[in-house]
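I have placed the structure first, in the form of structure tokens, so that the comments after it can refer back to it.
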Amino acid sequence: MMRNRFLVVLIVAAVVSGVSLAVDRVTAQQAAVQSTAQAYRAPRTPDGKPNLNGIWQTMNTANWNIEAHPAGPSPVRDLGASGAVPAGLGIVEGGEIPYLPAARKKQQENYANRLKLDPEIKCYLPGVPRSTYQGMPFQIIQSTKHIMLIHEFAGAVRTIYMAEQTEAPADSWMGWSNGRWEGETLVVDTKGFNDLSWFDRAGNFHSDALHVVERFTPRSAETITYEATIEDPKVFSRPWKMSMPLYKHVERNAQILEFRCVEFVEDLLYGHLRKQPAK
Amino acid sequence: MRMKLAVGIAAAGLLLGVAELHAHHAFAAEFDVNRPLTLKGTLVKWEMVNPHSWFHIDVKDKDGKVTPWMVEGGSPNQLIRMGVTKTTVPVGTELVIEGYQAKDGTMKAVGRNFVLADGKRLFLGGSAGGVSDPAKAK
Amino acid sequence: MRHRSRSFMRGGAVALALALAATISIAGQTQSGAQSAAPAKAPVAKAAPASAAAGKTYKAPRTPDGQPDLQGFWTNSTYVPLQRPNGVTKEIYTPEEAEAAIKAAAAREAEQTEPGTTADVHYDFTQFGLDRSQSTFARNMRTSLIVDPPDGKIPPVNAAGQKRQQERAAARKAAGGQYDNVENMPIGSRCIIMGGAGPPMMNAGYNANYQIVQAPGYVMILTEMIHDVRIIPLDGRAQQPSGVKQWVGLSRGRWEGETLVVETTNFNGKNAFQGSSENLKVTERFTRTADDSISYRFTVEDPQTWDRPWTAEAPLAKTDGPIFEFACHETNYGIANILAGARADEKKAAEQKKGSN
Amino acid sequence: MKRIALGAVAVVLLATVVPSAQTKAYKAPRTPDGQPDLQGFWTNSTYTPLERPDGVTKAFYTPEEAEAAIKRAVQRESAQTEPGTTADVHYDFSQFGLDRSQSLFVRNLRTSLIVDPANGKIPPLTEEGKRRTAQRDAEQKKLGGRWDSAESNQLDDRCLIMAGPGPPMMDAGYNSNYQIVQSAGAVMILTEMIHDVRIVTLDPSTSSGSPRAESRGDGRMLVDPRLRQWMGVSRGRWEGETLVVETTNFNGKNPFRGSDENLKVIERFTRVADDTIEYKFTIDDPTMWTRPWSAESAMKKTVGPIFEHACHEGNFGLYNTLVGARLEEKRAAEDALKKGSK
């Protein structure tokens, strides 16, 4: 009896396998991630909003390069394998950042001089959305009027203004964020960036016209789907989007610890200005 | 980060952690007390950054040659609370800046006084007016 | 004499005698000729007097998860010194005396600097609204923040403390001149950390502002300079591992009625409050006493430095937001300029010496 | 595995010859999630060459001819090397059971693994293929002699990768062993040298023949062209009893008989007996060869364990060789100096 059912399946398979294997660039995984997110309804904070409180972190290689990239040697020879670049599927939806031609050239120049130019190496604030996937945890402290994003790297912090929403008074590294709730999703609209941060260690950059709209949608008790739409007419030919899951730290006593890296880069930045011992 | 006022606190007896005892003359280590100058120029950009903001101005000399200068001012944060934004001081504003040039002789200075073309002092927390009275701007 | 109002304070360990009368004598400050033509601005104080008595009847609103609500923007800007000035014995000023003390301090801040003096080599704080009188500051009738010991002074440093302070001073001296390298410069100038963060959270002189946000199980305090964030867990977690030492230590909090009690240990000793050691323990108590004020008391314990704990009270006054990004390190041009300047001076000196012999 | 063959070679006639006709009657057992079970330890060690030797025209040996060919190969492997010759500067494989005959190997009546083209040979290169091969040789020459630097050495001497994993998976000469483990939605193939693991995710949209849902993978099918790997990126599906694995995205640094980064390999694993998996592969690289070409081999059930092959960590050989080369150059330079100064 088993064999007949098996034969039926075989016939169906022959039809199905005829389907062309042309791989759709949008990863099926991301589609799967979104579909389960809609179904999930997060527990509520006392003031009735989806509860995003917690310590979160991404598990991808986006901080090395937000586009797909093979593994590669460390930019600093002596770090050997510990400094080497892991491969990554990339987080840019559609695979490619729609740079304007001159901008793609600049990105390649940035990449060539990344040890000198990447602001992360100098312990400068990471900017947005790099602060999300920089590879260190950040904590969400969610209150009614303000939602705080507190990052371990260099103590970078973002205030999401949920009540009085204003224009950015001045340019800044972490931008000026106004937030709102759309059903289960926290939507954060950020402008007022300076043009100094990078999106990753591969030289992907933006101008001071950058406008980022982020969406935090809980997809399970311990994961959030994070999406960011990037718009910057001076650098990109059209808006583009990235998405990835955020994973919650569940270990007991989990906490954001200090990574006050200014001290770690002073020799790098100012060492050449040391007083030379009298010859 | 020259917190001159912090030193003020030390003087006022409110002893902070040792870290706070900023040698007041740190600024004099960066800028040369023997190179006082007065710059008259038009504002190219006011970098509202910390720990100190920087006024980028173009200074035209007698025969019209323009040199870009960078002049150090105070943290913009309190002004922002008083309603100042990056458009409060429009690009092109005429400024007369009294200050001291950087020790390394580059086109950098600290602005001990920022005065507008009409003689009014810039900002001064709104009491002496300024480009736009921040109190009104709020 | 062009109108210019500069605020500066002659540096160094100048003890300000807050005498009853308005005349304030500050050692080493030369007053340039006549009082400057521009009248010192009357201090604009926005905060209502924060007297402890009112705390009893006041009951703070609750956050959605039932914590007393401390949220909002606060400042610990104050004219009251940590230690009671010499020559002052009473604990509480009369309102008039307090007013006079504030007026005198505000006048000093708005005081002119003498052109051509090193003190003059600075921008004018008042032009940037950075002198305390131009923004909210916390009123406090006390003559010192320290409330215990009753003399308003930090207790004498014990033997262990003196030994360590001497060792630190020797190490600092051995490291060479302040501008020989960046590591010798004050940690505030290096944008590593400033006084506002603590704990205990001390008045940073300007931009002395805090933003408190509460979430279930947490109280977060953002210190404007330098965007330092203290995330205080309320889950009564156990003592932290001694291996983790931090500039701001490791804090744990709990509510005792209307008061948030925060205990902090695990300091790394590099930002030694008042010359304390790594074993410093700070216990802070936040109690909202009015809509616009929080009583902030802290007790400092460090048997390696003082033989008794001591306590101070530095009220927080409600102020306006926002707290704008204080990205200090990113544009800290000063460090490079100073070090380059020092090297240039040394080169010149060396050339002159060579030239002269 | 205590079979110690000292000196004389014992030809162990184990597995019977496997004509492909026999597969119909056999049906592989099922894994818990319903996939045909390929699990276990396997070897693709074989005396059959990839290409038909010159002078041989037919596709199949008779059993006797096959036996004779194997005996000749075994003799070659265990022939003693002449002392004083460079060949002799090597340990004796047979003392370590490393010659093929001392462990299980795949018997195959075919005269070459290549079955298509019919002549059993790799098809000719395209013009572009010739150009790329020449360019690659030039670049290799630019790196200098084999011992001038680590980088100018062979991939296996550098412990980067060996012939075992491919794909396609080829006999590595010794230690040609694999371990297959299947989980819901994935087939894992561990290659002994150098502990290279291929994780073949099963694409649910095209998998058939595995009735249970959990045996379908979660569809990780992204194949961004910038993601290049030594072993490429593999995607698998079940077609009845056969696991079909398609691999692209090669980085071009480990060319298979001259292939380039546009190589596409299609492998077909079918368990045809309790101790045998039929292993067929097709090589498709339009830039290099005028037409795709295919080969057939088999994997025989062998015994574990697969011990750790930490090659790089113990690669003293490469280091010693480079030190030796530098010393020889130094001596040669000194001699030249002495000769010159006389």
Side-chain angles (χ1 to χ4, degrees), chain A residues 45-49 51-53 55 119 122-125 139-148 150-151 154-159 161 164 166 168-176 192 194 196 252-253 255-258 260-263 265-267 269-278, chain C residues 63-66 71-72 176-177 179-185 187 190-193 211-220 222 226-229 231 233 235 237-238 240-241 244-248 250 268 270 321-325 327-332 335-336 338-340 342-343 346 350:
Chain A
T45 55
D47 62 341
K49 294 291 183 297
N51 189 346
L52 303 182
N53 281 297
I55 297 175
K122 298 188 184 104
C123 177
Y124 288 169
L125 291 175
Q139 182 154 1
I140 297 182
I141 296 275
Q142 179 183 342
S143 181
T144 315
K145 278 176 37 187
H146 297 125
I147 297 180
M148 305 303 291
I150 301 128
H151 302 82
V157 61
R158 296 173 62 193
T159 300
Y161 293 92
E164 347 84 11
T166 56
D171 289 354
S172 64
W173 288 76
M174 302 302 286
W176 187 264
N194 64 30
L196 299 171
R252 215 167 54 80
N253 281 355
Q255 57 193 295
I256 297 295
L257 295 173
E258 260 180 359
R260 219 174 273 271
C261 47
V262 170
E263 198 186 1
V265 301
E266 284 181 312
D267 188 47
L269 297 182
Y270 309 116
H272 62 289
L273 292 170
R274 281 187 197 295
K275 178 174 182 179
Q276 298 312 320
Chain C
T63 62
D65 65 307
Q71 302 189 94
Y179 304 128
D180 287 3
N181 54 51
V182 59
E183 291 81 1
N184 288 1
M185 294 173 70
I187 49 177
R190 294 160 61 191
C191 289
I192 289 176
I193 193 167
Q211 178 183 2
I212 300 183
V213 177
Q214 289 163 277
Y218 288 100
V219 174
M220 182 227 69
L222 165 63
I226 303 165
H227 56 75
D228 282 302
V229 172
I231 302 177
D235 58 8
R237 58 187 58 188
Q240 301 288 25
V244 178
K245 297 232 183 289
Q246 306 208 122
W247 289 85
V248 293
L250 286 172
N268 66 12
K270 293 196 215 172
I323 292 202
F324 187 68
E325 174 178 277
C328 179
H329 167 61
E330 288 73 7
T331 31
N332 193 8
I335 297 275
I338 288 175
L339 294 175
R343 297 299 85 74
E346 283 146 17

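Quick caveat, the model's predicted, so the values are computed rather than measured. Proteins come first, then strands; the chains are lettered A, B, ... in the order of their sequence lines, and each starts at number 1. Both backbone and side-chain heavy atoms feed into the values below; hydrogens, waters and symmetry mates do not.
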| query | What part of Cys123(A) is in contact with chain C, defined as an atom under 4.5 angstrom from a non-hydrogen atom: side chain, backbone, both or neither? | reply | both

| Glu266(A) and Arg274(A) ion-paired at < 4.0 Å | no

| message | Determine whether Arg158(A) and Met148(A) satisfy the following criterion, side chain to side chain contact (heavy atoms under 4.5 Å, CB included), listing intermediate values before the conclusion. | response | CA-CA 6 Å; Arg158(A) 296 173 62 193; Met148(A) 305 303 291; over 6 Å; no

| Heavy-atom proximity to chain C below 4.5 Å, by part of Asp171(A) | backbone

| Once you round to the nearest 0.5 Å, how far does NE2 of His227(C) lie from NE2 of His329(C)? | 9.5 Å

| note | Okay, Leu125(A) and chain C: the region with an atom under 4.5 Å from a heavy atom over there is both

| remark: Counting heavy-atom pairs under 4.5 Å with chain A, the top scorer among Lys270(C), Gln214(C), Gln71(C), Gln211(C) is Gln211(C)

| request: Measure the spacing between NE2 of His146(A) and CD1 of Ile212(C) and express it to the nearest 0.5 Å. | output: 12.5 Å

| remark: Tightest non-hydrogen contact, residues Asn184(C) and Gly177(C), listed as ND2-O, 2.9 Å

| message | Counting only non-hydrogen atoms closer than 4.5 Å, does Val248(C) touch chain A with its backbone (N, CA, C, O), its side chain (CB onward), both, or neither? | response | both

| Based on non-hydrogen pairs under 4.5 Å, which of Leu257(A), Ile147(A), Leu196(A) is most in contact with chain C? | Leu257(A)

| Say you draw a straight line from CD1 of Ile141(A) to OG1 of Thr159(A); how long is it, rounded to the nearest 0.5 Å? | 12.0 Å

| request: Under 4.5 Å heavy-atom distance to chain C, tell me which part of Asn53(A) shows up: side chain, backbone, both or neither. | output: side chain

| query | Of the backbone (N, CA, C, O) and the side chain (C-beta and beyond), which part of Arg260(A) lies under 4.5 Å from a heavy atom of chain C, both, or neither? | reply | side chain

| query | Between Gln255(A), Glu164(A), Gln142(A), His272(A), which shows the greatest number of heavy-atom pairs under 4.5 Å with chain C? | reply | Gln255(A)

| note | Cut-off 4.5 Å, heavy atoms of chain A, and the answer for Ile231(C) is side chain

| field | Heavy-atom pair with the smallest gap, counting every atom of Glu263(A) and Trp247(C) | value | OE1-CZ2, 3.4 Å

| query | For Glu330(C), is it the side chain, the backbone, both, or neither that has a heavy atom closer than 4.5 Å to a heavy atom of chain A? | reply | both

| task | Mind checking the CD1-CE spacing from Ile140(A) to Met220(C)? Nearest 0.5 Å is all I need. | result | 13.5 Å

| Note: Asp47(A)-Lys49(A) ion pair, threshold 4.0 Å (strictly below) | no

| message | Please identify, among Gly176(C), Pro322(C), Pro233(C), Ala342(C), the residue contributing the most non-hydrogen atom pairs under 4.5 Å to chain A. | response | Pro322(C)

| said: Quick check on Ala168(A) against chain C: is it the side chain, the backbone, both or neither that has a heavy atom closer than 4.5 Å? | reply: neither

| Ser172(A) versus chain C, heavy atoms under 4.5 Å apart: side chain, backbone, both or neither? | both

| note | So, the part of Thr45(A) with a heavy atom under 4.5 Å from chain C: the answer is neither

| query | Quick one: what part of Val229(C) sits under 4.5 Å from any heavy atom of chain A, side chain, backbone, both or neither? | reply | side chain

| request: Find the distance between CG (Asn268(C)) and CG (Leu250(C)) and round it off to the nearest 0.5 Å. | output: 10.5 Å

| Side chain, backbone, both or neither: which part of Leu222(C) has a non-hydrogen atom closer than 4.5 Å to chain A? | side chain

| Largest heavy-atom contact set with chain A, pairs under 4.5 Å, which of Asp180(C), Leu339(C), Asn181(C) | Asp180(C)

| said: Just verifying a value: how many Å separate Tyr124(A) OH and Leu269(A) CG, rounded to the nearest 0.5 Å? | reply: 5.5 Å

